[in-house]
Amino acid sequence: MPAEANGQETYSMSKPIGLYPGTFDPLTMGHVDIIERAVKFVDGLVIGVAVNRDKGPLFSLEERVAMVRHEMDRIEKQSGVKITVTPFENLLMQFAEEIGASIIIRGLRAVSDFEYEFQMVGMNQALNDDIETVFLMADARYQSIASRLVKEIARLGGDISSFAPDHVADALRKKYS
Ligand code: ADP
């Protein structure tokens with residue numbers, strides 16, 4: 001709401017708590033880019049690492065959480081925004097309510113992401129219409145990166161150094177050595 005100050009309209013906007021959920025198996029430069037954009041408009045960010053047994057993750061939950069946490073120290077310092085990395089197994093909207101998040105952050109890559117996200121938002125709105133989903137696009141350099149492809153390239157011995165942070169690339173090389 002605009003407030004009158006010295007005849008000029010000023011806007012005071014309190015920032016929300018954001019929740020960025022995903023599998024992060026493993027964290028890529030695409031995820032990092034989305035997180036760096038998200039911290040510009042949230043007061044605090046929770047990265048929800050989904051247990052996701054169905055997907056049969058390559059990295060354990062503990063490993064995925066540790067990889068995300070490792071990278072967050074730098075972003076926290078640069079942005080001044082508190083970032084919490086938390087595993088979750090319950091329904092996304094329940095988790096968002098539990099942590100007091102009012103926005104869910106998702107990254108959009110190609111049209112292929114759209115249909116799935118479109119359905120998810122529809123269902124999530126039906127569960128809790130007060131929590132908004134916000135879509136961000138990564139820098140053009142990172143838009144095509146997907147954890148699945150990074151794992152595939154690493155498995156076949158390709159160079160993944162531009163797709164994942166150094167410590168993640170090292171962990172991938174170790175997994176496949
Ligand atoms: P999920 O298993 O839900 O797809 P991911 O760990 O793959 O979770 O991704 C979490 C979120 O990050 C999703 O919203 C996904 O679209 C987004 N994301 C992943 N890679 C990129 C990328 N290269 N550019 C933009 N968004 C991305």
Side-chain angles (χ1 to χ4, degrees), residues 16-42 45-72 75 79 81 83-96 99 101-125 127-128 131-155 158-169 171-172 175:
I17 301 293
L19 166 62
Y20 180 39
T23 312
F24 305 103
D25 184 42
L27 179 77
T28 68
M29 298 305 278
H31 297 126
V32 172
D33 189 274
I34 295 294
I35 294 164
E36 284 178 324
R37 288 169 197 281
V39 290
K40 293 180 202 163
F41 62 88
V42 294
L45 182 66
V46 177
I47 316 244
V49 182
V51 173
N52 231 338
R53 291 201 184 86
D54 295 351
K55 275 198 176 177
L58 174 67
F59 290 97
S60 70
L61 182 63
E62 292 71 26
E63 287 172 318
R64 287 180 281 137
V65 168
M67 282 188 279
V68 179
R69 184 64 257 170
H70 185 286
E71 200 61 22
M72 292 311 108
I75 301 177
S79 65
V81 170
I83 303 176
T84 313
V85 186
T86 316
F88 77 102
E89 195 169 16
N90 51 346
L91 196 61
L92 178 63
M93 293 313 258
Q94 275 171 5
F95 182 54
I99 60 170
S102 56
I103 60 169
I104 290 174
I105 292 147
R106 296 288 289 172
L108 261 193
R109 283 164 291 194
V111 194
S112 52
D113 278 343
F114 183 79
E115 192 157 344
Y116 173 73
E117 296 293 342
F118 183 84
Q119 277 197 317
M120 281 275 286
V121 171
M123 302 292 279
N124 285 338
Q125 281 175 348
L127 293 172
N128 186 334
I131 299 179
E132 295 296 341
T133 303
V134 174
F135 291 98
L136 299 175
M137 277 173 67
D139 184 278
R141 285 173 295 167
Y142 305 131
Q143 276 175 20
S144 56
I145 300 176
S147 296
R148 182 178 58 82
L149 297 175
V150 176
K151 282 183 280 190
E152 186 71 3
I153 295 167
R155 189 175 65 82
D159 179 12
I160 48 165
S161 55
S162 55
F163 303 138
D166 289 347
H167 59 100
V168 174
L172 272 167
K175 278 270 177 204

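When a ligand or atom number is given, it counts from 1 through the structure's own listing order.
- Less than 4.0 angstrom separates some heavy atom of Asp113 from each of these atoms of ligand 1: 16 (O).
- Contact check on Arg109 versus Glu117 returns no salt bridge, with no Lys/Arg side-chain nitrogen under 4.0 Å from an Asp/Glu carboxylate oxygen.
- Closest heavy-atom approach to atom 21 (C) of ligand 1 within the set Arg109, Arg106, Gln143: this belongs to Arg109.
- Residues Gly107 and Asp113 come closest through the heavy atom pair O-OD2, 4.1 Å.
- Contact between Pro21 and ligand 1 is present, with at least one heavy atom of the residue lying under 4.0 Å from the ligand.
- Contact check on Asp33 versus Arg141 returns no salt bridge, with no Lys/Arg side-chain nitrogen under 4.0 Å from an Asp/Glu carboxylate oxygen.
- For Gly22, no nitrogen or oxygen atom sits less than 3.5 Å from a nitrogen or oxygen atom of ligand 1, counting backbone and side chain alike.
- For atom 14 (O) of ligand 1, the closest non-hydrogen atom on the protein side is Gly107 N, 3.0 Å.
- Among the atoms of Thr23, some N or O lies under 3.5 angstrom from an N or O of ligand 1.
- Counting the atoms of ligand 1 from 1 in the order shown, those under 4.0 Å from a heavy atom of Gly30 are 22 (C), 23 (N).
- For the ring-ring contact (aromatic ring centres under 6.0 Å, His included) test, no residue two or more places apart in sequence or in another chain qualifies with Phe41.
- Annotation for Val42 and Val81: closest pair O-CG2, 3.8 Å, computed over non-hydrogen atoms.
- Between the CD1 atom in Ile34 and the CE atom in Met29 there is a gap of 12.5 Å [rounded to 0.5 Å].
- Residue contacts with ligand 1 for Asp33 are absent, since no atom lies close enough (heavy atoms, distance under 4.0 Å).
- For the pair Ile145 and ligand 1, the shortest N or O to N or O distance falls below 3.5 Å.
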Q: Take Ser147 and Asp25 through the side chain to side chain donor-acceptor pair (under 3.5 Å) test and state the conclusion after the steps.
A: CA-CA 6 Å; Ser147 296; Asp25 184 42; over 6 Å; no
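- Those atoms of ligand 1 that come under 4.0 Å of a heavy atom in Phe24, given as number and element, are 6 (O).
- For the atom pair Leu19 CG and Phe88 CZ, the distance stands at 6.5 Å (nearest 0.5 Å).
- Protein heavy atom nearest atom 17 (C) of ligand 1, with residue, atom name and distance: Tyr20 OH, 3.6 Å.
- Near Ala138, meaning under 4.0 Å from any of its heavy atoms, are these atoms of ligand 1: 24 (N), 25 (C).
- The residue Asp25 has no part lying near ligand 1, judged by heavy-atom distances below 4.0 Å.
- Ligand 1 has an N or O atom lying under 3.5 Å from an N or O atom of His31, backbone or side chain.
- For CE of Met120, the number of neighbouring non-hydrogen atoms (other residues, nucleotides, ligands) closer than 6.0 Å is greater than 12.
- Within the model, atoms OG1 of Thr86 and CZ of Arg69 stand 9.5 Å from one another, a figure rounded to the nearest 0.5 Å.
- For Ser147, no nitrogen or oxygen atom sits less than 3.5 Å from a nitrogen or oxygen atom of ligand 1, counting backbone and side chain alike.
- For atom 4 (O) of ligand 1, the closest non-hydrogen atom of the protein is Lys55 NZ, 3.7 Å.
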